[in-house]
Asker: 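Sharing a structure, written as C-alpha cells. Questions coming.
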Amino acid sequence: MFDAYQAHWVALFALLMWAPLQVAADSEEEAPSDWALWKRLHQISYDEESDDIQRQIIWETNLRMIEKNNDEFRFGLSTFNMAMNKYGDLTKMEYKLLLGATINGPINRRGKVASAQTLRVNANRLGLTNVDYRAQGYVTEVKDQGYCGSCWAFSTTGAIEGQMFKRTGRLVSLSEQQLVDCSRSYGTYGCSGAWMANAYDYVIHKGLESSDTYPYTSADTQPCFYDRSSVVTRISDYRFIPAGDEQALADAVATIGPITVAIDADHPSFLFYSSGKIFTSLD
C-alpha cells in the first residue's frame, strides 16, 4: 500500500509542475481511500450503501487497534506486529463464528494418554534442541479455512500428513472437506466446530482422501462425497499428550512430528497477528 501511494505522489508532483491547479485538485479527489483500496484488494463489495458504511466503521475501528499496537511495538511496549487482512470488516462476535474447535462438550477419550516420561527419555536420546518440519518436508502448503469454523479439520489433517510423510516419504495434502462433510456421525459439526479426537475416530474407521480428489469448499452445505476407493491414508490409533504439560508437548513435537493442537484464538489481536516471537492477547 505504501508503494501505491508513493507512486501516486510522484505522478501528482509531475502534474503540479506542468498542469493547472484545478487538474491537481481533481486528481486528489479521485484518489481511492484506504477503505476502497482494501475492498479492491480482497474483492469485497456490499449490496447496500448502509452496509458499506457500517462495515467501514468496523474496519476503521480494527485499523486503529492495529496501528496502536504497532506504535507500541516500535517503542518496545508490544512483542508483536499486527496487520490488516481480509477479515478487517468483522466484529468480534462475527470472528468468533470462525473459531472451529469445540472442546466444552463431552470429550472423546478413546485415545490413551501418552507417558510424559517416555516422551522425555526419547527426546533426550535424540538430543534435539530445535526442529523445523517444514524444512524436512513434513508440512504441506499454507491452507486457508475461509469463512468456516473448520480449524479442527485442518489441525487433524496437518498432523496426519506429517505422519504419512514420516512413514512413506510422500507428502500428500489430505482432505479437510471430507472431514467437514462426512464425520458428523462421529460427533463433529462441520463449520460450527468439532473436537479433533472425534475427527481422528472418523479417520480410523474411514480413512482420508487427498484434497485433490475431495477439494475444500469452505462450506458445510453439500452432502458427503466419500469414495472408499480414493482413500490415500488411514490411522490405527492416536494418543493424548498429558494436559498442561508443555515439556511433554515439546518432547512430542521433537520425537513424533507435527502435533494436533487447539489454541485460544478468541481475540481480535490474534486475528490480525502478523509477526513477532511472542504473542500476548490485548483483550
Side-chain angles (χ1 to χ4, degrees), residues 42-44 55 85-111 139-164 172-238 240 258-268 270-273:
H42 298 291
Q43 300 181 329
I44 293 174
R55 291 296 166 182
N85 56 38
K86 67 179 181 179
Y87 303 109
D89 63 344
L90 298 183
T91 66
K92 184 175 181 180
M93 292 304 299
E94 289 169 332
Y95 167 51
K96 283 185 176 182
L97 296 177
L98 301 181
L99 305 180
T102 302
I103 59 177
N104 293 327
I107 295 177
N108 190 322
R109 287 293 181 184
R110 180 186 186 282
V139 183
T140 56
E141 74 284 358
V142 175
K143 301 180 182 182
D144 184 356
Q145 73 186 69
Y147 293 90
C148 172
S150 55
C151 66
W152 58 273
F154 287 85
S155 184
T156 300
T157 58
I160 298 175
E161 286 164 354
Q163 290 305 304
M164 184 176 178
V172 179
S173 178
L174 299 175
S175 175
E176 294 81 19
Q177 193 63 44
Q178 181 188 343
L179 291 173
V180 169
D181 292 343
C182 305
S183 63
R184 289 179 181 267
S185 62
Y186 289 80
T188 66
Y189 303 97
C191 287
S192 297
W195 174 232
M196 288 81 76
N198 298 108
Y200 272 125
D201 284 340
Y202 170 84
V203 179
I204 287 173
H205 289 91
K206 299 294 186 179
L208 278 178
E209 296 182 42
S210 72
S211 56
D212 287 337
T213 62
Y214 205 136
Y216 188 67
T217 67
S218 187
D220 61 1
T221 55
Q222 67 183 21
C224 172
F225 294 110
Y226 167 72
D227 181 357
R228 185 175 182 179
S229 65
S230 296
V231 166
V232 295
T233 191
R234 298 178 184 273
I235 62 173
S236 59
D237 209 343
Y238 57 91
F240 288 96
I259 303 296
T260 295
V261 299
I263 64 174
D264 179 11
D266 186 17
H267 309 279
F270 186 91
L271 174 61
F272 298 110
Y273 171 88

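Numbering of residues begins at 1 and proceeds along the displayed sequence.
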Asker: Side chains of Y216 and S150: any donor to acceptor distance under 3.5 Å?
Answerer: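 Indeed, the side chains of S150 and Y216 share at least one donor-acceptor pair under 3.5 Å.
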Asker: Using every non-hydrogen atom in the two residues, find where H267 and Y95 come nearest and quote the distance to one decimal.
Answerer: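 Taking every non-hydrogen atom into account, O-CE2, 3.5 Å.
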Asker: State, to 0.1 Å, how close S155 and V261 come at their nearest heavy-atom pair, and which atoms those are.
Answerer: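 So the two residues come closest at OG-O, 3.0 Å.
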Asker: Using the test side-chain hydrogen bond (donor to acceptor under 3.5 Å, both in side chains), find all partners of K143 that sit at least two apart in sequence or belong to another chain.
Answerer: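 K143 satisfies side-chain hydrogen bond (donor to acceptor under 3.5 Å, both in side chains) with E161, S173, E176 only.
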Asker: With sequence neighbours excluded, what pairs up with Y87 under the side-chain contact (heavy atoms from CB on, under 4.5 Å) test?
Answerer: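 Once residues adjacent in sequence are excluded, the partners of Y87 under the side-chain contact (heavy atoms from CB on, under 4.5 Å) criterion are N85, L90, L98, D144, Y147, L271.
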Asker: Ignoring hydrogens and geometry, is there a side-chain-to-backbone donor-acceptor pair from S175 to Y214 under 3.5 Å?
Answerer: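 A pair under 3.5 Å: yes.
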Asker: Please name the pair of heavy atoms, one in P258 and one in G158, separated by the smallest distance, quoted to 0.1 Å.
Answerer: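 Between these two residues, the closest heavy atoms are CB-O, 4.3 Å.
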Asker: Could you list the residues that satisfy salt bridge (charged side-chain N to carboxylate O under 4.0 Å, His left out) with D220, not counting sequence neighbours?
Answerer: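 Checked D220 against salt bridge (charged side-chain N to carboxylate O under 4.0 Å, His left out); matches are R184.
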Asker: Test V203 against every option in L208, T157, L174 by the side chain to side chain contact (heavy atoms under 4.5 Å, CB included) rule and name the one that passes.
Answerer: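 Single pass found, and it is L208.
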Asker: Residues in side-chain hydrogen bond (donor to acceptor under 3.5 Å, both in side chains) with T260, at least two apart?
Answerer: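 By the side-chain hydrogen bond (donor to acceptor under 3.5 Å, both in side chains) rule, T260 matches Y200.
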Asker: For the pair D181 and Y226, evaluate side chain to side chain donor-acceptor pair (under 3.5 Å) and give the outcome as yes or no after the intermediate values.
Answerer: CA-CA 9 Å; D181 292 343; Y226 167 72; over 6 Å; no
Asker: What's the verdict on side chain to side chain contact (heavy atoms under 4.5 Å, CB included) for Y238 and M196, showing C-alpha distance, side-chain angles and the deciding distance?
Answerer: CA-CA 11 Å; Y238 57 91; M196 288 81 76; over 6 Å; no
Asker: With Y273, which residues qualify under side-chain hydrogen bond (donor to acceptor under 3.5 Å, both in side chains), at least two apart?
Answerer: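 Counting only residues at least two positions away or on another chain, Y273 forms no side-chain hydrogen bond (donor to acceptor under 3.5 Å, both in side chains).
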Asker: Any idea which heavy atoms bring V180 and A153 closest together, and the distance?
Answerer: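 Smallest heavy-atom distance, with atoms named: CG2-CB, 4.3 Å.
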Asker: Checking W195 side chain against W152 main chain: does a donor-acceptor pair fall under 3.5 Å?
Answerer: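 Not at all, since once roles are kept as given, no pair shorter than 3.5 Å links the two residues.
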Asker: If every non-hydrogen atom of Q177 is compared with every non-hydrogen atom of Q222, which pair is closest and at what distance?
Answerer: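 Result for this residue pair: CG-NE2, 3.6 Å.
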Asker: Rounded to the nearest 0.5 Å, how far apart are OG of S185 and NZ of K206?
Answerer: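 With rounding to 0.5 Å, OG (S185) is 7.5 Å from NZ (K206).
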Asker: Specify the closest pair of heavy atoms between T233 and M164, including all atoms of both residues, with the distance to one decimal.
Answerer: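 Looking at all heavy atoms of both residues, the closest pair is CB-SD, 3.8 Å.
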Asker: Would you say S218's side chain and Q145's backbone share a donor-acceptor pair under 3.5 angstrom?
Answerer: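 Yes.
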Asker: According to side-chain hydrogen bond (donor to acceptor under 3.5 Å, both in side chains), who are the partners of S183, at least two apart in sequence or on a separate chain?
Answerer: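 side-chain hydrogen bond (donor to acceptor under 3.5 Å, both in side chains) list for S183, sorted by chain: T188.
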Asker: Show the numbers, then the answer: is there a side chain to side chain contact (heavy atoms under 4.5 Å, CB included) between T156 and L179?
Answerer: CA-CA 9 Å; T156 300; L179 291 173; 4.1 Å; yes
Asker: Tell me if the CD atom of Q43 is crowded by more than 12 foreign heavy atoms within 6.0 Å.
Answerer: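 12 or below, so no.
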